[in-house]
Amino acid sequence: MLSLAPIKIGDWMVLLLGVLCITWITITLWQGGAADKAIIRSSGKIFSEVPLSRNQIISVPGPLGISQIAIHNRQARIAADPSPRQYCVHQGWLKQAGEIAICLPNQVSVELSGRGKRYDSLNY
Amino acid sequence: MTASTIKFVTTAADHHIARMAALAMGLSMLEAAIPSPLPGVKPGLANIVTLIVLTRYGWRMAAWVSLLRVLAGSLLMGSFLTPGFFLSVSGALCSIAILGISQYLPARWFGPVTHSIFGAFAHIAGQLLLVYFWLIPHAGLAYLIPIFATAALLFGTVNGLIAAHYLNAPNTGFETPKLTG
């Protein structure tokens, strides 16, 4: 059985430093980043860009009717939509930068964006 | 027919390096048989030998043992000049470079565990850099860093403890040869 006796004081410090570094790296790399604003698109064009700081409900017209986008508590969701299958509504609250909800039939989408734009699809 | 033998002049230090490298290779082979949950995450048991050599005989010999182990180990595994081989080389080079610095830390406070952790981090950094610049030049690689770094810290600590355990044992069975040259 390995004993911990050979660990000297400096070793403990290095170990602690390692744990702190890993924690920091994990938090930095695995978080989508804080979202600042919501980009709302309708028929492929930007309908409006709204900050997440103010709670509000925005009505966006599309070919099928009006989609309602709710912004609450620095989160955004599509609250109501005339699309038949309601996928974008079921997606629920978007919290992190890069998250997106798309209502294809009504051609409305809402995307959260932070300071640095991240990839939404990749291929190589 | 004249028997012609090519004779290299070897020193006791050379023999010792060879013995240690062989030991390290044995551990690499052993480790290759252990299934890994994620490609690239390996305990790196051979580095225990490198650490012991570093502490007992200094950095130069540890560097020899480490690089010889990678080279000869790849020949045995049949991975010589494959991407995996270059990853090992790049990891080993980074790791001995860091050990070259960390060996100067005061031995009163810093033992094999420190060297092992630094070496493990350098190893994974060297490998990831090579992967990034050569194999997968893509920022998505960053998502894997926390996993590899955690494995490096864990295995680095364990390997360091094993090395320290051997170094502290009163009689490890190794005869310390008188090294000249």
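Heavy-atom contacts from other residues, nucleotides or ligands closer than 6.0 Å to OH of A:Tyr87 number 12 or fewer. Within a 6.0 Å sphere centred on CH2 of B:Trp134, heavy atoms belonging to other residues, nucleotides or ligands number more than 12. More than 12 non-hydrogen atoms from other residues, nucleotides or ligands lie less than 6.0 angstrom from CG of B:Leu135.
Using a 4.5 Å cut-off between heavy atoms, B:Thr150 touches chain A through backbone and side chain atoms alike.
Clustering ILVMFWY residues whenever any of their side-chain heavy atoms sit less than 4.5 angstrom apart, transitively, puts B:Leu129 in the very cluster that holds B:Leu67. B:Tyr132 and B:Phe148 fall within the same hydrophobic cluster, where Ile, Leu, Val, Met, Phe, Trp and Tyr residues are linked whenever their side-chain heavy atoms come under 4.5 Å apart, directly or through other members. Using a 4.5 Å cut-off between side-chain heavy atoms of Ile, Leu, Val, Met, Phe, Trp and Tyr, with links allowed through other members, B:Met61 and B:Leu167 fall into the same hydrophobic cluster. Grouping the Ile, Leu, Val, Met, Phe, Trp and Tyr side chains by contacts below 4.5 angstrom, directly or via other members, places A:Ile57 apart from A:Val50.
To the nearest 0.5 Å, atom CG of residue B:Leu153 and atom CG of residue A:Leu15 are 5.5 Å apart. Taking CD1 from B:Ile147 and CG from A:Leu29, the interatomic distance works out to 11.0 Å, rounded to the nearest 0.5 Å. Going from atom CH2 of B:Trp109 over to atom CG of A:Asp11 covers 13.0 Å, rounded to the nearest 0.5 Å.
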Step-by-step side chain to side chain contact (heavy atoms under 4.5 Å, CB included) determination, B:Phe121 to A:Ile22: CA-CA 11 Å; B:Phe121 274 124; A:Ile22 288 175; 4.0 Å; yes

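Of the listed residues (A:Thr26, A:Ile25, A:Thr28), just one forms a side chain to side chain contact (heavy atoms under 4.5 Å, CB included) with B:Ile145, and that residue is A:Ile25.
Pairing each heavy atom of B:Tyr143 with each of A:Trp30, the nearest pair is O-NE1, 2.7 Å. Taking both residues in full, the closest heavy atoms of A:Lys8 and B:Arg108 are given as CD-O, 3.5 Å, listed atom of the first, atom of the second, then distance.
Options B:Ala164, B:Gly156, B:Ala142 differ in how many heavy-atom pairs under 4.5 Å they form with chain A, and the most are formed by B:Ala142.
A 4.5 Å side-chain heavy-atom check between A:Trp12 and B:Thr114 finds every atom pair outside the cut-off.
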